[in-house]
Amino acid sequence: MRLILIPQAIRSIIPPMTNSWLAATKDSSLAVAIGFPELVSVFMQTSMNQTGRAIEIIFMVMGFYIFISLLISYLLNKYNDSVQYKVR
């Protein structure tokens, strides 16, 4: 099983797994906005009280999520390339 089935299964599992991980990352931003407002509000309120710049803070949060999404996508695409069949 370790030498035959799992390598074949991994080739077909990786693309949907990548989509699931990216969806979970994007959905976590919704969970933070909806379910955990105290975490965001502490960060936003502290920054807003000190600087008064809401748009820059929102851009920082957006940049963080795009960085994480691109990182997950890049790493899993590299892994997917390494496990695919090599055509000669």
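Computation of the quantities below employed the complete heavy-atom set of this structure, encompassing side-chain atoms and omitting hydrogens, waters and symmetry-equivalent molecules.
With contacts defined as side-chain heavy-atom distances shorter than 4.5 Å, the pair V83/P7 does not qualify. In this structure, M62 and Y65 have side chains that are not in contact, with every pair of non-hydrogen atoms separated by 4.5 Å or more. Side-chain atoms of I10 and Y79, non-hydrogen and from C-beta on, do get closer than 4.5 Å to each other.
Atom CD1 of residue I14 and atom CG of residue D81 lie 9.5 Å apart, to the nearest 0.5 angstrom. Distance check, rounded to the nearest 0.5 Å: CG of L70 to CG of L75 gives 11.0 Å. To the nearest 0.5 Å, atom CE of residue M17 and atom CG of residue L76 are 5.0 Å apart.
The minimum heavy-atom distance between S12 and P16, with the atom names listed, is O-CD, 3.4 Å. Of all heavy-atom pairs between R11 and Q84, the closest is O-NE2, 3.4 Å.
With a 6.0 Å radius and a threshold of 12 heavy atoms from other residues, nucleotides or ligands, I66 has its CD1 atom at or below the threshold. At most 12 heavy atoms of other shown residues, nucleotides or ligands fall within 6.0 angstrom of atom CD1 in I4.
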Evaluate side-chain contact (heavy atoms from CB on, under 4.5 Å) for T25 paired with I72, printing each intermediate quantity in order. CA-CA 9 Å; T25 303; I72 290 171; 3.3 Å; yes

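Between the S73 side chain and the S69 main chain, no donor and acceptor come within less than 3.5 Å of each other.
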